[in-house]
Structure formats: C-alpha cells, structure tokens
Amino acid sequence: MKTGIHPDYHQVVFMDSSTGKKFLAGSTVESNETTDFEGNEYPLIRVEISSDSHPFYTGKQKFAQADGRIDRFNKKYGLQNK
C-alpha cells in the first residue's frame with residue numbers, strides 16, 4: 001500500500017445508545033470521546049441501533065401481514081381450511 005493516502009485504521013468501541021451495549025471493532029472513524037473497554041482505552045462511537053436493539057435480531061419485530069393471500073381470502077369469504 002502507498003504510504004500517506006490511506007486513513008488510519010484502528011480499534012474503536014461502538015456503543016448502542018438505547019441499550020448501552022459496547023463492542024470492539026476496527027474502523028477508520030475518528031472520535032473525541034474515549035472509553036475504557038476490557039482494561040484498555042479506546043475511542044468511543046455512539047450508534048443509534050445495533051444487533052442488540054434491532055427488532056430483527058431481538059425477535060420483537062411486528063408483522064404487518066402475518067397471513068398469506070390464501071388465508072386472507074378464506075377468512076374474508078368465510079371458508080375454512082381443510
């Protein structure tokens with residue numbers, strides 16, 4: 001790699017703002033905040049949503065249409081599944 005043209009890649013702690021969960025990952029993002037994580041000090045990046053709070057990963061998502069087309073048709077016209 002050429003020197004001087006690539007951003008600085010370093011370890012950063014990401015923190016989910018809604019749950020407070022922290023995880024360590026490599027990133028080029030800069031931050032003025034720091035935090036202690038597992039005995040070392042790292043830059044802190046706050047994120048609004050992560051796998052700890054996302055409805056898809058937590059299983060708390062809402063299904064708008066849980067029924068399929070056939071079930072809705074049968075329910076609409078009073079037919080029973082056989």
Q: Run the side chain to side chain donor-acceptor pair (under 3.5 Å) test against Glu41 and tell me which residues pass, sequence neighbours left out.
A: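 Once residues adjacent in sequence are excluded, the partners of Glu41 under the side chain to side chain donor-acceptor pair (under 3.5 Å) criterion are Thr34.
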Q: With Ser31, which residues qualify under side chain to side chain donor-acceptor pair (under 3.5 Å), at least two apart?
A: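 Side chain to side chain donor-acceptor pair (under 3.5 Å) check on Ser31 returns nothing, list empty.
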Q: Tell me every residue that passes side chain to side chain donor-acceptor pair (under 3.5 Å) with Asn32, counting only those two or more places apart in sequence or in another chain.
A: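 If we apply the side chain to side chain donor-acceptor pair (under 3.5 Å) test to Asn32, skipping adjacent residues, there are no hits.
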Q: Could you list the donor-acceptor pairs under 3.5 angstrom formed by side chains in residues 22-29, with sequence neighbours left out?
A:
| residue | atom | partner | partner atom | Å |
| --- | --- | --- | --- | --- |
| Lys22 | NZ | Thr35 | OG1 | 2.9 |
| Ser27 | OG | Val29 | N | 3.0 |

Q: If hydrophobic clusters are built from ILVMFWY residues whose side chains come within less than 4.5 Å, do Tyr42 and Met15 share one?
A: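 Linked within one cluster.
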Q: List in chain and number order the residues that pass ring-ring contact (aromatic ring centres under 6.0 Å, His included) with Tyr77, two or more places apart in sequence or in another chain; answer none if no residue qualifies.
A: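 Scan of Tyr77 (ring-ring contact (aromatic ring centres under 6.0 Å, His included), adjacent residues dropped) gives Phe73.
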Q: Please check if the side chain of Asp16 supplies one atom and the backbone of Lys21 the other of a donor-acceptor pair under 3.5 Å.
A: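 Looks like no, no N/O pair under 3.5 Å.
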Q: So, for Gln11 and Pro43, which heavy atoms are closest and what is the spacing to 0.1 Å?
A: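 That would be O-CD, 3.6 Å.
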Q: For Glu33, check side chain to side chain donor-acceptor pair (under 3.5 Å) against everything at least two apart and list the hits.
A: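 Once residues adjacent in sequence are excluded, the partners of Glu33 under the side chain to side chain donor-acceptor pair (under 3.5 Å) criterion are Arg46.
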Q: What pairs with Glu30 under salt bridge (charged side-chain N to carboxylate O under 4.0 Å, His left out), at least two apart in sequence or on another chain?
A: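 Glu30 satisfies salt bridge (charged side-chain N to carboxylate O under 4.0 Å, His left out) with no other residue.
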